[in-house]
Amino acid sequence: MTIRTEKLDRLAELTARRDTTTGAGLWTEALRRLRGSKMALTGAAVITVFVVIAVVGPWLAPHDPTAQTWRDEVFVNRALFVGPRSGNWLGLDHLGRDQFSRLLVGARHTLLVGVVSTLIGLVAGALVGGVSGAALAFGGRAGRGLDTVLMRGVDMLLALPSLLLAVSVAAVMGQSLTTVMIAVGVVQIPVFARLLRGSMLAQAHADYVLAARALGVRRRRVVLAHVLPNSLGPVIVQTTLALATAIIEAAALSYLGLGNPDAAQPEWGVMLAQAERFFVPEDLLDQASLMAVCPALGIIVTALGFTLLGEALREALDPKLRG
Amino acid sequence: MLRLIVRRLLQLVPTLLGLTVLLFLWIHRLPGGPASALLGERATEADRRQIEAALGLDEPLWVQYGRWLERLARLDLGTSTQTSRPVWEEFTLRFPATAELALTAMLIAVVVGIPLGYVAARRRGSWLDAAAVSGSLLGVCVPVFFFALILKAVFAVNLGWLPSAGRRSTGIDATEVTGFSVLDGLLTGEWDASLDAVEHLILPGVALASIPLAVIVRITRAGVLEVLTEDYVRTAESKGLRQRVVRGRHVLRNALLPVVTTVGLLTGSLLSGAVLTESVFAFGGIGRFVADAIDARDYPTLMGFILLIALLYVLVNLMVDVAYSVIDPRVRVN
Amino acid sequence: MRIISPRTAKILATVVTAGVIVTGCASDRDDDGSGGDSGTFVFGAAGDPASLDPGLASDGETFRVTRQAFETLLATEPGGTELVGGLAETWESDPEGTEWTFHLRDGVTFHDGERLTGEAVCANFDRWYNWSGTYQNTTLSYYWQAVFGGFAENESEETPDPNYVGCEAPDELTAVIEVAEPSANYPGGFSLDAFGIHSPKSLEAYAQDEAAGEGENITFPDYSQRAGTVAGTGPFRVTDWDKGNGEVTLTRFDDYWGDPAGVGELVFRTIPEEDARRQALQAGDIHGYDLVAPADVATLEADGFQVPTRDVFNILYLGITQDRQDALGELEVRQAIAHAMDRENIVATQLPEGGVVATQFVPHTVDGHSEDVTTYAHDPQRARDLLAAAGHEDLALDFCYPTEVTRPYMPAPADIYELLRSDLEDAGITVNPVPLKWNPDYTETTRDGGCDIYLLGWTGDFNDAYNFLGTWFADYSKEWGFENEELFAMMAAASSEPDVETRVGLYQEINEYVMDFLPGVPISSSPPSIAFSPDVNPPTVSPLTQENFAEVSFR
């Protein structure tokens, strides 16, 4: 995700060019643009469907997603799986559980992992970035020192391969759902930190801030009441994009065997990782392949939804990209 | 230029020291230890104590860290507890594979991505633009390991066009010079070895390129679009400069700046992807080795890897700065 | 040097023009491997060998390679588990079982031209016995310590006393090995791969290397890390180890005493991922691989690949740590757990063909297996009644299982866990899942008695029930968490019984006793599958997973 920061740093500058001190102008303008964007509409539609499924899925599911009701009918050792049939619309999984019910209920866990881990990255990253940005802009020499130290750390985290970082977090904390969320979230911390810092720095040089400072408004107030709220635009964009990444990274962790240990609970990443070994390259529509393809499609479509909305939001906030 | 490099390297020293201390404390928090990892299911408590004593793990942490630094001063990274071979040797064995894979992916991403992004921007709104944009959006949304799996299923298993695993076919005699298999073939004149290595690089290279490609297409497109609206481009065009000159000298050159930065920043994410791609294609690189090192609590390997990554990061960003100065005369470094 | 093949040129063209149509099919890749005389056989290995000296190893990946180049005094019959002559044509022991005489095969030549003699055999055993420094570490000398105890001069208090006394060569072709105490480890131990016999000349070369070992690091000596120095008597000699590509190359040894190898070159290529190995076989990049996932067996067979079935020689069991919870110390509770488990379903749906439900802690292929043990059928109601009778209806158990691992006795632990958990919950037992990484977390936690119940197993090294039972029940251990002096005494008596028939009888009694005491629940014995491409004559598969690749040839 590191690559997006540069673009977003520039976006941060754009927000500073405005004349008003409230966010209304830019946001109204952005919303107006979003309404006309096919990309945004598609993204929003996908996300809405996903969230609705995540919320009501467990009530819609025709069967208990964890019950091995038909376990005598599935022979993993002979690669005999049960495909779609009445009652089991997407067939059975490798332990004789209803695949359709698992997909429905799985949406909830997938959403949960995505949202919580993004929140972890957002909150921790914003804290580091906010402190760093405020320190550099208004903290004088000591502030510069603090900023340097914090950003050195952030840069190093950025340089580390995110997946290895996540793997080491998982190794230290032991396997659990919480671990997955933290491991995926930690990776996002440096991205958010850099972003908010850059955004705040751009704001710090805006005329209204200089004016406020000249009028004698206290530094803390300037930061909290003016600079911070006006710096949040790019962070919101990044949050949307990070949701997509979080879902994909969680799947990658599952693939490496570090996913949610309670594999009876359906989650798309875990389902994909578990079914991947039955995958038959010759026939993507064989039940053995479908067990992997279904959750994979779920992940891809959902991630695409978040990405579409995020990109549309970015374009809306950045008039230059619209030419 | 030389001063810049020296200054960068000097700046690196305190950062690295801090980083290694942090990492040292972090990895020693991992439950279990290399002794248990080494012994597996047949070990006794006594075996474990014996090995811990032999590895010096029964001493206080600061003593261990001191010993590690002392060795580092002698350019000795220690011995991998996972394989019982020197860490340095393990790295020189495996790093070329990963570097080769990452370079291939980057090459694919740049060679395909920049022209595609450029054309998409010039023909804004055309079907080509739409395809490039949606393709690049999709590119970041498909899990790398799943994409790799599909690629392998189609091109290696079903069609049989390309090898499914490894870096080299059996029966190909290749002399090792640098460890970069394509380069080695060229250096020694063993063309078939080079070609064979290229064949083995294509599928993992494409899989790994998916994300950087998507990113580069988008950034190039955005960069070109932005530059096209700049006054100087309009001026140049209205001056009646030939289109080729405008494109080459003004548009592409300026649009490439963010792309260059991006290439530098992608190093980390490429290595992440390499862990997964190497797994799927049994490509004996450093990514999978390090992921295994975490499992095996292989402290010396992990410490060595961090040093390697930090050096690499600095090096790549140095190259980015140099590239900047070549492309953009305003930031030319003296 | 080969000229660029049309196919390769085509692929290059594809790269350059980025995606023009290329024609070709899977068989295109098949001829890649052939070359040299009678071809090159490529086998996909799950991991790199640790060393080329089997004496320093304890893992199957290493032994699979070294087995082709080194031979042991005794061997197991092809496809079976009975001991037969190896480098020794015949052997005998004195009535006490402490003096073992081996009559060596005549005319056996080492890869470096040396001759096999009694002196050469003794030089090997004396070398192992006199190991010092890092060699005394169990990572390097596991099997020596397990079979012959310690060393001439033990350097650590943890190392056991040596049971090895000495070796003498009364004539050219005889070696006499003396041990202090009889043990169930003999004569089976003499067939272990770790005790492959090296040429005396290579032993001298090793000795030069040994000084190089650093005190602080456990490093494999240099000679064991590259081809060239090691020399055995096997049908292949190691000619190259390309670590970067994970390939060990062995070449046919022309002066081999027995039938010459059927292929000119044998390559072991490391492909760590299970799926990648299967696809490499399907794509024709390799000619065979081991530990085929049961689900892949049918697919591969349907595609014309050969998947010969091995005999079973392992046990998968549900371990119980009795002293972790008072309830687990009660026999009725353990019986309830056994009755709750639907082991037939696991065997029918998860394990490869040839898998069977285990009735006791040794597989039925091992001498000492008893027909008269108590059995526990799947009966959830009975389980619930037993729990109620014991007053433990609210039983809750920490159930540990390993993630990301395939063992020869356990193809998909997470799935087996899921099935068992569902069974236990049906009997009213609350299950708390504890997934752990196999290495080191899982092995360590289970060994330290950190789980109420857990999945583990064992593959035998040679056909003696003590190799199974002795691993678990010889003494108190934290993983089982029980003291049972009666059982421990029975084990000691069996181990020191020199007469084979009497010993087998004792083993049967132990098996019957154990299944009444029920320290854990044996689940299954299942053969790990091995697959070969259609164009080869595969070797005789072995229940000990000790295939001899000299038997391989191309059709």
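Since the model is a prediction, treat every value here as computed from it, not as a measurement. Note on naming: letters A, B, ... go to the chains in the order of the sequence lines (proteins, then strands), and numbering restarts at 1 for each one.
For A/L272, the part lying near chain B is the side chain, with the backbone staying farther off; criterion is any non-hydrogen pair under 4.5 Å. Residue contact with chain A, scored on non-hydrogen atoms closer than 4.5 Å, involves the backbone and the side chain of B/V280 alike. Proximity to chain B (any heavy atom under 4.5 Å) is shown, for A/A244, by neither the backbone nor the side chain.
Every residue two or more places apart in sequence or in another chain was checked for a salt bridge (charged side-chain N to carboxylate O under 4.0 Å, His left out) with B/E278, and none qualifies.
Rounding to the nearest 0.5 angstrom, the gap separating the CE atom in A/M39 from the OG atom in B/S134 is 9.5 Å. Considering OG1 of A/T245 and CD1 of B/I211, their distance stands at 8.5 Å, rounded to 0.5 Å.
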Side-chain donor-acceptor distances from residues 138-150 of chain B under 3.5 Å, at least two apart:
none

